[in-house]
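Heads up, the thing below is written out as structure tokens.
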Amino acid sequence: MDSMLHQIPMQYMNAPQFYGQTVPSVIQPSLQYLGPTASGVQGAGPYGPYWHDGTFVPYRPAALRDPYLHHQPASNWTGPFANSQVAQQAQLWQHHPQGTHTHWVPRPVPTPNAPLSFQDQYLLSATYHDGTVATSNYSVAHPPRTEPHNVPTHVATEFGPSSPNGRQRDRTFSWALQQYRDLIAFIHHSRQEQQRTRSNNGQHGPRPAFYPRPPKPSPSGSQLVTGKLRSASNSHTNDASIHASLGAPEQESSLSGPPHHYESSLSTPGLEATPLWSPSGLQFQDNEYERRASHEQWRGQSQRPLQAPQWTPPTQYEHDQFRTLRRSSGSMVSSLVHQLPPEDSPRSRASVALSYLTKLCQDADWRWTDGMLLGGCLAYGLGNYQQAHRWYTKVLEVDSTHLEATSNLAATLLALGRRREAEQHWTKAVKAAPNHFEAIEHLVGLLCNEQRSADAVRVIQYVETSLRQTKPADQLKASDRQSECSSSTASRSPCQSDLSDRIVYDFDIDSEAFSADWRDNPAASEPGFGSSGFAIPGCDNGRILALIHAKGNMLYGLGDNGGAARAFEDAVLIAAGRRFKNIQGIIQHVLTVVCATLYQRPSKDELVSADPILLTPDQALATAKLCFPQFGELPGLLHIPGGHQTIARRAVISTTSNSLLSLAKIFQDGMSNSGRSQGVTPLACGVRDILALYYLSLSLQPSPSTANNVGILLASVQQAAAPMPSQAKVDIPGVVPGSGIALALQYYNYGLQLDQHHAHLYTNLGSLLKDIGQLDAAINMYERAVRCDGKFDIALANLANAVKDKGRVSDAIIYYKRAVDVSPDFAEAVCGLANALNSVCGWKARGGIAEDGGKRDRWHVDDHGMLLDARHPGATSSGWIKRVVDIVEKQLVEGETWGRGTLTQPLMEDLVLQVVTLDGSTDDVKERQNNLRKTLEEWAGQRWEGARVTRLVERATRRIGWHRYRDTHVRKKQRTASSYARPQLPATLTVPPAPTVLPFHTFTCPMSAKQIRTISQRNGMRISVSTLRAPWLPKQVYSPPKPPSPHLRVGYVSSDFNNHPLAHLMQSVFGLHSRKRVEAYCYATTASDKSVHREQIESEAPVFRDASTWTAERLVNQIVNDGIHILVNLNGYTRGARNEVFAARPAPIQMSFMGFAGTLGAEWCDYLLADETAIPPDTLRPWRRNVDVEDVLVDETNGSEDSRWVYGENIIYCRDTFFCCDHKQSAPGAHDEVLSWEEEQHERWRMRKELFPQVSDDTLIFGNFNQLYKIDPTTFRTWLRILARVPKSILWLLRFPDLGESHLLVTARQWAGAEVASRVIFTDVAPKHLHISRARICDLVLDTAECNAHTTAADVLWSGTPLLTLPRYAYKMCSRMAASILKGALPTGAEGTRAAEELVATSEDDYEEKAVILAKSLTYTPGCEGKAAGRLMELRKMLYHARWTSALFDTKRWVRDLEDAYRVAWHRYVNGEGGDIWLEKNSRRG
């Protein structure tokens, strides 16, 4: 949502994703995570395997056995295979490069008895199940299709089973193999043509399909498993049935059926697609398993034949992407076909090949497994899965351990919809050969498709355990492997999901792990064997890396962030060639190299600081080349076959980049949300280290998602680096070149260059622009995000927030509703919608809170807009207000566990040594240390552990600062600088999330005392931890100011020294301070608006500093250098606050008043200014001493179950009202001649007639001038009842905002009828000076009880108009302020006491009765000219005369009392005393 730059220093936000990422946020959205990284729109680029939705890659069956999959004793093998063959095997999973098209033309006719030249002919590519790029050594024409029984006779003569070639099985096998290649190439080409046609028409392509890998003869010749032959009679008897079921073309329907089924299942890599997982990093449109499962249903949909495309020869190819046909035992195929018939086609030729193989297999008594395996591949390629099933079954009847047939049969079973059998066969293959990646990958895919991620994780863990090397690196044959696997999850305890998953699965890595000595593996002689830490050759590193990466994604989806982080770390270490022990080693290497290059000097000094290394996008893109120059890429990928630009290599690099991105994202999320950090070991230097991971990820694969995440992180960096010469100039006001914000803008724009439809980039760029004051530009970015993705809830909610800030409330409501429709449980959207509806009194379906018997929220509103009484028996909470309260309560309960597990034994000892070293004698220190140690042990593992530790560190920091002041200026004692070391938060303590409802929102939400105080505490805690993590904080506590000489230096920090209510109320205060007692320093955190209020403050304050462009570090340092004794927070939790300044503790005493009407609940606020009306003493926390560390141990600020108290700060109780109002100095007419009472009555009546000319003289005017968000249903119902009981009366409200008028009028008609509703009158909001003057027109102002009038109450009372108020809550200061203000405006003595009793109600019923009594006491007569009789007029006269002498408007009196408060507070600080301050008990001075 919106960033917190104006409120707290953000270490991060989504994300939210965003998908997996959280956007920077004041209210920290709870996002629906789809994976640990954000993803762009369709076709934006590979972002790694995301299996959360059950998607996976279709099967890639193999056609021949791979000896490396069979772990047998080495003595049983004839010898290792040639390296070239291993490379061949590895290349089988490379994909055709994107954008390469296959062209066909009539092929030349081979000469008789001549071998085919596979090097000299045109190559044709096609994609198989395993991603192999098929190559055809000659081109084939595509004439009209010929049915099998019409195959030319000369072909049968030359290649039939009875021909010489037929008797040479190897030659026929090779010829049939070529026909299969031609078939797949033809299908691939047709698929491309279809895709291009659909793309031109704006349609999505059909589902993808992969076909069996082209068979390769056995290395030692044709494989014929010998055995006892059947009798002649048996053979003769069964041949016909076998022939009919497996190979007779006459019996088959695969060629006679419609071709659409085949064409629609074609696939080509590189098509624009939604990211699904594949070991090569390719993306696919949708779920192939679902397509195959419903194959029989959809195969007959369309009968329209596909028009044959025209094929032409390819113009170029990459040789390393193709593998040539290898002929077994030197045999060769001699084609005697001098001219192919014009009706020939690849599919008909494949069908012929299938029939010939059938006959040859019959002749071999169905013992020729090579031929049967190829027959199954041909049948599969022709789309006849039933026939393929029979072929593979025959292979397994001969050899039940045949892994390739087992795996191929599993794929065929899946195509037939027999999922459980498919799973069983793949499971069998994986257990027999844990390095059979085709079976592993597709078993995992099947499980994920069925939402069985936990089972899939166990499969991968089984594979890891089985293949893990058990020998030291120096004993392995691979010369380039330097270290063992150090971070794989295989040897770790089960993930959280494993412990809770209900599915029982038979992969048990503890009991059934495959065991094989690496020395028994013939692949051990291959390049890079074991370099991944597993017993596989280097060419397979990419496959194991992709599996582990996929495991990380699944663990993330299961909520096991710790396990996911370890998996991603392991994937990165594989890519790095195991040259580093852990991810911190890689980070250190990256930082060392980058620092040395960037600063052109040894990097050792640069790495001493934890400050992030700030790189531009161009500089970040060079990271990988700088860090691994000898390889040009990651060392662990050295043996991946093919060149740098092959699909296989690019895919592994992409997956590695994703692992880095995902790992960095998990660390980033952990910094901002403790719930996502469970089990995740934080990095040594937080933001600095995370950025290093992002830089490396971006350099491996330029990704908009990576740029997005880097931008989020940099936006939170408060330091400013010197701009590099290559950095672009930033022309946005307030953005410092080289700063984190400036670089964040660069990364967002760089990401949008990569993907102009990336909704997350637009959203985050919008949030950053909003932070720096560019609201219109921010709205534009949010709108673009929504155009890219109309269902992007984060963008919709942010757009709603932004347009609401522009006053477009109706538009905001629309966007909030859209966000809620997309994500009904999206807390930020729900709460934002509730706030927006409440701001315009859109109460339909509001419901209400029925707890406390309706004391908090008496009258509820149902779905029809009608009232329900919460006091009725059986009343329950309901509606959207209940959803808001429930969301908050859930968040508060979850937040209680923040930081649990932080206190380890070593950390406890560190804390004990840090926090109590300066207090007392040696013996006393030991006793206090023992007590603290005991308390920490009690805290460990309990709720509130993180909050308690944080407060302990903050209190210790304050206490050490006090010792430093006493040592320097009282005791005159010198200590070493280390004696004043700033206590440190535990490194594992993350920044806690803030509740969705902000403290300011609690003003109008019916919440309990405990909920309100906890919301403030959580916001304060978030600010504290964020600030205490800031890299600019010094190692020691700040040096104390010099003692007052003679005056105290008081600093006032505010964003409201402009045309703002706070400035209206306090503009004279800073110049009224007695220079002998207080010297005021004003720190304005917003730029001047040139208003008279700003100009007066600037001119009258002794010291005024425009800090609108200052960083928190600069502002804090300035406050320290100015020697401020007392620092005052005039914002609290309001817009523009710089609370991080206070969290840094730059002044000995810090307090808050006037800006925020409630508790801050923060250790960085020592005092609130109040009076006993605004803050009753019984709402204070019982423990009132806030001095030393021991107080924190016993005060129960965190964890108290007492639901009555709210305020933990010490309170300065003023003699009169705590509220300051400068109207006697600055209100319109304040310096004019004072009107007599008669003149005032005449002027008042004149203004009434001018504003309400149609209102009769005897009509009484009730009024309320608050913003409409302060009105609640209970209050509005009371007002309507008052109108009904006082017939000659109207209710005057403001269009504040406009939309509220229509809602309230509709509600009034529903609840009170048309006549009463007609007496509710609205006018526009008036300028400030006119607003104060015309308030006198009202006869009685009716205050809002949920949240009172504050500044408006002072305005009304200055005009002399009586105000009726109701302090509904004892514990909500905002609902009690009007009573305090009213009492301050009344004269002292019995007369004022009586008036207060008449104007301050005690209940809703009392409020109504008092209003009616006062109204009926007033009598106007026609022609009275404003003169009237009655108690209400007496009260008006009293207020009018008292305004010149009352405490409320006596600003000089208020300043003198404030100076007294400062003096007492400073005296107590110096003496180490605590507790609340009652000024009444202290003599007035000055």
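Fair warning: this is a prediction, and the values are worked out from it, not measured in the lab.
- The six-membered or imidazole ring of Phe1000 lies away from that of Tyr1133, with a centre-to-centre distance of 6.0 Å or more.
- Residues satisfying the side chain to side chain donor-acceptor pair (under 3.5 Å) criterion with Ser1068, sequence neighbours excluded, are Gln1096, Asp1222.
- Considering only heavy atoms from C-beta on, Val1187 stays 4.5 Å or farther from Trp962 through its side chain.
- Residue pairs meeting the side-chain hydrogen bond (donor to acceptor under 3.5 Å, both in side chains) criterion with at least one member in residues 1211-1221, sequence neighbours excluded, are Arg1215-Asp1457, Arg1215-Asp1460, Thr1217-Ser1380.
- Using modelled atom types, no side-chain atom of His1350 and backbone atom of Phe1219 make a donor-acceptor pair closer than 3.5 Å.
- In this structure, the side chain to side chain contact (heavy atoms under 4.5 Å, CB included) partners of Arg1145, at least two apart in sequence or on a different chain, are Arg958, Gln1150, Asp1166.
- One distance of note links CG of Leu911 with CD of Gln984; it measures 10.5 Å at 0.5 Å rounding.
- The ring pair (Phe, Tyr, Trp, His ring centres under 6.0 Å) check on His1064 picks up His1093, with sequence neighbours excluded.
- Sorted by first and then second residue, the salt bridge (Lys or Arg N to Asp or Glu O under 4.0 Å) pairs involving residues 1168-1181 (not counting sequence neighbours) are Arg1181-Asp1195.
- Here Trp939 pairs with nothing under the side chain to side chain donor-acceptor pair (under 3.5 Å) rule; sequence neighbours left out.
- Listed by first and then second residue, the salt bridge (Lys or Arg N to Asp or Glu O under 4.0 Å) pairs that reach into residues 1464-1480 are Arg1184-Asp1476, sequence neighbours excluded.
- Qualifying side chain to side chain contact (heavy atoms under 4.5 Å, CB included) partners for Pro1367, counting only residues two or more places apart in sequence or in other chains: Arg1376, Ala1379, Val1400.
- Annotation: ring pair (Phe, Tyr, Trp, His ring centres under 6.0 Å) contacts of Tyr1083 (sequence neighbours excluded): none.
- Taking CD from Glu896 and CZ from Arg1018, the interatomic distance works out to 8.5 Å, rounded to the nearest 0.5 Å.
- For the pair Val1206 and Met1373, the minimum side-chain heavy-atom distance is 4.5 Å or more.
- When atom types are taken as modelled, the side chain of Asn1186 and the backbone of Gly1208 share a donor-acceptor pair closer than 3.5 angstrom.
- Residues satisfying the side chain to side chain contact (heavy atoms under 4.5 Å, CB included) test with Thr1086, not counting sequence neighbours, are Ser1055, Asn1058, Arg1094.
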Discussion item. Could you walk me through whether Trp1183 and Asp1191 satisfy the side chain to side chain donor-acceptor pair (under 3.5 Å) test, starting with their C-alpha distance in whole Å, then the side-chain angles of each, then the deciding distance to 0.1 Å, before giving a yes or no?
Written reply: CA-CA 8 Å; Trp1183 188 271; Asp1191 293 327; 3.3 Å; yes
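- Under the 3.5 Å distance criterion, the side-chain polar atoms of Ser1026 are matched with a main-chain donor or acceptor of Arg1022.
- Note that CD of Glu954 and OG of Ser1024 are 3.5 Å apart. Values are rounded to the nearest 0.5 Å.
- Side-chain contact between Ile1097 and Gln1067: present, with at least one pair of heavy atoms (C-beta onward) separated by less than 4.5 Å.
- Side-chain atoms of Ile1124 and Pro1041, non-hydrogen and from C-beta on, never get closer than 4.5 Å to each other.
- No more than 12 heavy-atom neighbours from other residues, nucleotides or ligands sit within 6.0 angstrom of CD on Glu1196.
- In this view, Trp1466 and Tyr965, His1125, Tyr1469 satisfy the ring pair (Phe, Tyr, Trp, His ring centres under 6.0 Å) rule, not counting sequence neighbours.
- Every ring pair (Phe, Tyr, Trp, His ring centres under 6.0 Å) that Phe1057 has, sequence neighbours left out, goes to Phe1070.
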